[in-house]
Structures are given as structure tokens and as C-alpha cells.
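Before any comments, here is the structure.
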2 protein chains.
Amino acid sequence: MDDVRNRILDNVKERLDRFGFKKTTMDEISKDCKISKKTIYEHFKDKEDMVTCLFVRECHKAMEIIFSHMGEIEDPLEKLIQLIRTSVWYFREDIFITRLLKNDEALYSAFLSRKYHALIDQEIISIIAAIIREGKEQGKFRDVDERVVAYAGFKLFQAFSYMRTGEFDEEKDRQEYYTNVLIDFVINAIVKK
Amino acid sequence: MDDVRNRILDNVKERLDRFGFKKTTMDEISKDCKISKKTIYEHFKDKEDMVTCLFVRECHKAMEIIFSHMGEIEDPLEKLIQLIRTSVWYFREDIFITRLLKNDEALYSAFLSRKYHALIDQEIISIIAAIIREGKEQGKFRDVDERVVAYAGFKLFQAFSYMRTGEFDEEKDRQEYYTNVLIDFVINAIVKK
DNA sequence: CCCTTGTAAACTATTATAGTGTTTTAGTTC
DNA sequence: GAACTAAAACACTATAATAGTTTACAAGGG
């Protein structure tokens with residue numbers, strides 16, 4: 001049952017987010033979701049595998065959502081703006097994925113740390129690069145190195161998503177403002193004058 | 001050195017608030033405040049003693065602050081209002097003490113749980129009771145059972161402090177509003193018409 | 001020099017935890 | 001209701017982590 005698997009992962013996500021890898025125990029997980037430890041080990045090889053599966057799931061979910069918000073748009077510029085908007089929004093909504101991208105060590109065991117944190121990073125960067133290439137081909141964007149610019153852009157709105165940490169939500173409009181500044185900045189950097 | 005002691009307790013407070021008693025280790029504490037484990041055990045008998053000392057310290061701090069905001073006021077009614085205001089404010093400011101009063105089990109080992117959670121409870125209730133008695137003697141308050149009413153009052157504004165959990169701070173004025181309703185309610189319950 | 005004060009690190013006894021069997025229970029099909 | 005199935009509950013082990021202790025050592029202060 002994929003249902004059970006996801007229920008387990010939901011609980012793992014919560015625990016991991018609160019306590020980190022080391023302080024999260026299998027017994028707690030099994031109590032949390034009222035599933036016997038034995039069953040958990042039927043779904044996942046071991047603790048690390050379980051956490052890895054969670055990472056993969058979360059990354060896919062993020063990608064799907066970001067994609068689905070970009071689906072019908074044709075113009076590469078509009079596409080890019082939408083991508084930034086959705087990403088910033090989603091990263092703000094889901095603290096966990098933000099920490100994952102931030103490579104927050106508490107979430108991982110030492111082993112996992114290097115292996116999986118770049119999972120979405122690369123994928124999103126590729127998408128951005130593709131959009132930029134499209135814009136270049138249509139003569140709308142300047143002739144920039146799309147990989148490098150995509151990387152820079154990604155790191156930028158990643159940084160903007162992190163900003164949330166520690167702040168309160170009275171800042172909601174300021175968030176909006178920052179996002180717009182970011183979009184403006186990126187657009188000006190690549191669009192032909 | 002009382003300074004060192006407090007530095008240790010500050011770190012314990014932070015860890016305890018984040019991870020709870022069981023998930024907080026002595027090694028972490030010693031690393032956190034760059035004090036050797038040996039030294040920690042010179043200041044505190046054991047882990048439970050350490051946490052108990054933190055509780056006592058936090059309770060005293062709370063009492064001092066609540067007292068100091070009430071110092072000069074003469075009129076028992078004004079005194080009571082000020083007491084409510086300060087308490088609600090302070091409990092909101094300091095999540096830790098709120099959890100302590102709430103008897104949040106994660107903070108304690110099983111042993112401590114019952115022994116210390118009523119520390120401030122009783123003290124604050126006594127203060128409230130004293131104020132009510134004062135008001136009665138001055139003929140300003142109705143002839144209520146001061147202990148019981150004090151208990152009820154305390155439980156009430158405790159509940160109002162807890163409300164914070166999970167909400168965002170856009171609610172700041174609503175907090176103010178609730179506090180006023182609470183004051184109004186309590187006052188009407190005890191003041192002579 | 002000695003004495004204090006504290007750190008760093010090694011060490012032990014105890015406990016907790018990951019991971020595996022084994023037994024019970026609950027639900028389902030025949 | 002018997003026979004079967006899947007998962008929960010429980011018990012168990014080997015290993016790792018942790019509370020608490022001890023030892024060796026370093027820095028300062030008289």
C-alpha cells in the first residue's frame with residue numbers, strides 16, 4: 001500500500017523537522033502512526049533509506065507543484081516570473097523543503113548529507129536554464145551563459161526564501177515586495193533592452 | 001561563579017525548549033556553552049537537579065517581573081488589573097515558562113513532573129488571594145472565597161496565555177482585546193456593584 | 001613553587017535504539 | 001466456523017549513546 005508508506009513518511013517528516021535525524025527514533029515513528037516497527041521495516045530497508053525516500057518524495061512534490069503552476073504559459077519571461085513566484089511561495093510554505101535545500105545537517109545522518117541535498121537544486125537549475133535558452137532563441141533575452149545565470153538566479157531566490165526564518169508574518173507584504181524586487185532584478189539582468 | 005551557573009542554565013533552557021528533557025544530553029549542553037562536563041557536575045548534582053534549578057530560576061524571574069510591575073499601586077482593583085496584564089504579557093513573551101505552567105511533560109523527566117510544576121501556580125494564586133482579601137477588607141470587593149476565586153482567576157488567564165500557541169502575530173490587537181475581556185470578566189465577578 | 005580552577009578526554013555502567021524474530025490479534029475468504 | 005492473511009504487539013539482541021566519574025593536564029595567581 002502506497003498509502004501506508006506515505007503515512008509513515010508524513011510522520012517522519014514531522015519528527016525530522018522538529019528533532020532532526022539523530023533525535024528521531026524508529027519507535028517514535030511507529031507509535032506516531034500506529035504502525036508496528038516490523039511493518040515499517042517492510043516498507044523501508046533501514047532508517048537512512050526511510051529518510052532518503054522522504055527526501056525524494058518531497059523533492060518530487062515540490063517539482064510537480066512548481067511545474068503545474070507554470071504549465072500553460074508560453075512566453076519565457078512570463079514563465080520565469082511564474083517560476084520565481086511559485087518557488088518562493090512554496091519554499092516559504094514548506095519549511096522542510098527549505099531546510100532540505102539549505103542542506104540543514106540536522107535533518108540527515110552524516111552519510112546522507114552530501115548525497116541527496118542537491119536533488120532539486122540541479123533540477124530547478126536545469127529548468128531555469130532551459131527557459132533562459134528559450135528566451136535567448138526567441139531573441140528576447142541577452143546572450144548570457146544560461147547555466148551560470150540559472151545557477152545564480154536559483155541561489156538568489158533560495159536566499160530570498162530563507163529570509164523567512166525567525167520573522168513574523170506581519171511581513172507578508174514585505175515578502176511580496178522582496179519577491180518583486182527579485183523578479184525585477186533577474187529580469188533586468190537577462191532581458192534585452 | 002553564579003555567572004557560569006546562569007550561562008549553563010541559559011543553554012539548558014534553550015535545549016529543553018527545543019528538544020525536551022530526554023532528547024537533551026549533557027554532552028550537548030557542555031558543548032553549547034563551552035564548559036566541560038566536569039564543571040557542570042560541579043554546579044549541579046545531576047541532570048534532574050540541573051533542570052530543577054532552571055525551573056526555580058525561571059519561576060523566580062517570572063515572579064520578580066510580575067511583582068515589579070505591581071509595586072507602587074495601592075488600589076487592590078488596579079493591582080489586580082496590572083497583575084493580569086503583566087502575567088498575560090510575560091507568559092506570552094516567555095514560551096518556556098508557559099510550557100512549564102502548562103505542565104508540558106516533554107520538559108521534564110517523569111520524576112520531576114509532579115514535583116515542581118505547581119511552583120509558581122501556588123505563589124501567584126497566593127498573591128491574587130491576598131489582593132482579593134485586601135479588596136474585601138476595604139469593602140470594594142464582594143465577599144467571595146478568595147482562595148477559590150484566586151485559583152479560578154489564575155486558571156483563566158493561564159488559559160488566555162496559552163491561546164497564543166499556533167497563532168500568528170497579526171493577532172496582536174486581538175490579544176489585547178481578549179485580555180481586556182478577561183479583566184472585565186474578573187472584575188465584574190468580584191467588585192461590589 | 002603550589003594551589004586553584006577548569007578543560008579535554010578516556011572510561012564505565014547503564015540505558016536506549018536499530019533491527020529481527022516470534023506470538024497475537026483482527027479481519028477476510030471459503 | 002475453519003483456514004488464511006496481514007499487520008500489530010511483544011520480546012529479544014547486538015550495538016551505540018549517554019549519564020556520570022576519573023584521570024591527566026594546562027593556565028593562571030599568590
In whole angstrom, what separates [X]'s [atom1] from [N]'s [atom2]?
X     : N      : atom1 : atom2 : result
B:F19 : D:dT18 : CZ    : C1'   : 16 Å
A:I35 : D:dA9  : CD1   : P     : 11 Å
B:I8  : C:dT5  : CD1   : P     : 15 Å

task = Would you mind listing the cluster partners of B:F19? Hydrophobic ones only (ILVMFWY), side-chain contacts under 4.5 Å, chaining allowed.
result =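 So far as hydrophobic clustering goes, B:F19 is joined with A:F19.
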query = In this structure, which one of B:K61, B:K13, B:R99 forms a side chain to side chain donor-acceptor pair (under 3.5 Å) with B:D94?
reply =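 Per the side chain to side chain donor-acceptor pair (under 3.5 Å) rule, the option paired with B:D94 is B:K13, out of B:K61, B:K13, B:R99.
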key: Counterpart residues, side-chain contact (heavy atoms from CB on, under 4.5 Å), relative to B:A150 (two or more places apart)   =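 side-chain contact (heavy atoms from CB on, under 4.5 Å) list for B:A150, sorted by chain: B:I125, B:I128, B:A129, B:I132.
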key: Residue list, side-chain contact (heavy atoms from CB on, under 4.5 Å) with B:D32, at least two apart or on another chain   =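 Testing B:D32 for side-chain contact (heavy atoms from CB on, under 4.5 Å), a comparison that skips the adjacent residues, returns B:N11, B:R15.
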task = Any pair with a residue in residues 177-187 of chain A that passes salt bridge (Lys or Arg N to Asp or Glu O under 4.0 Å), sequence neighbours left out, goes on the list, sorted by first then second residue, please.
result =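 For residues 177-187 of chain A: none.
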task = State which residues pass salt bridge (charged side-chain N to carboxylate O under 4.0 Å, His left out) with B:R18; sequence neighbours excluded, sorted by chain then number.
result =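 Counting only residues at least two positions away or on another chain, B:R18 forms no salt bridge (charged side-chain N to carboxylate O under 4.0 Å, His left out).
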query = Could you run down nucleotides 15-25 of chain C 5' to 3' and tag each one B, S or - for protein heavy-atom contact under 4.0 Å?
reply = --SBBBBB---
message = Does C:dT7 have its OP1 or OP2 closer than 4.0 Å to a side-chain nitrogen or oxygen of B:T39?
response =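 Yes.
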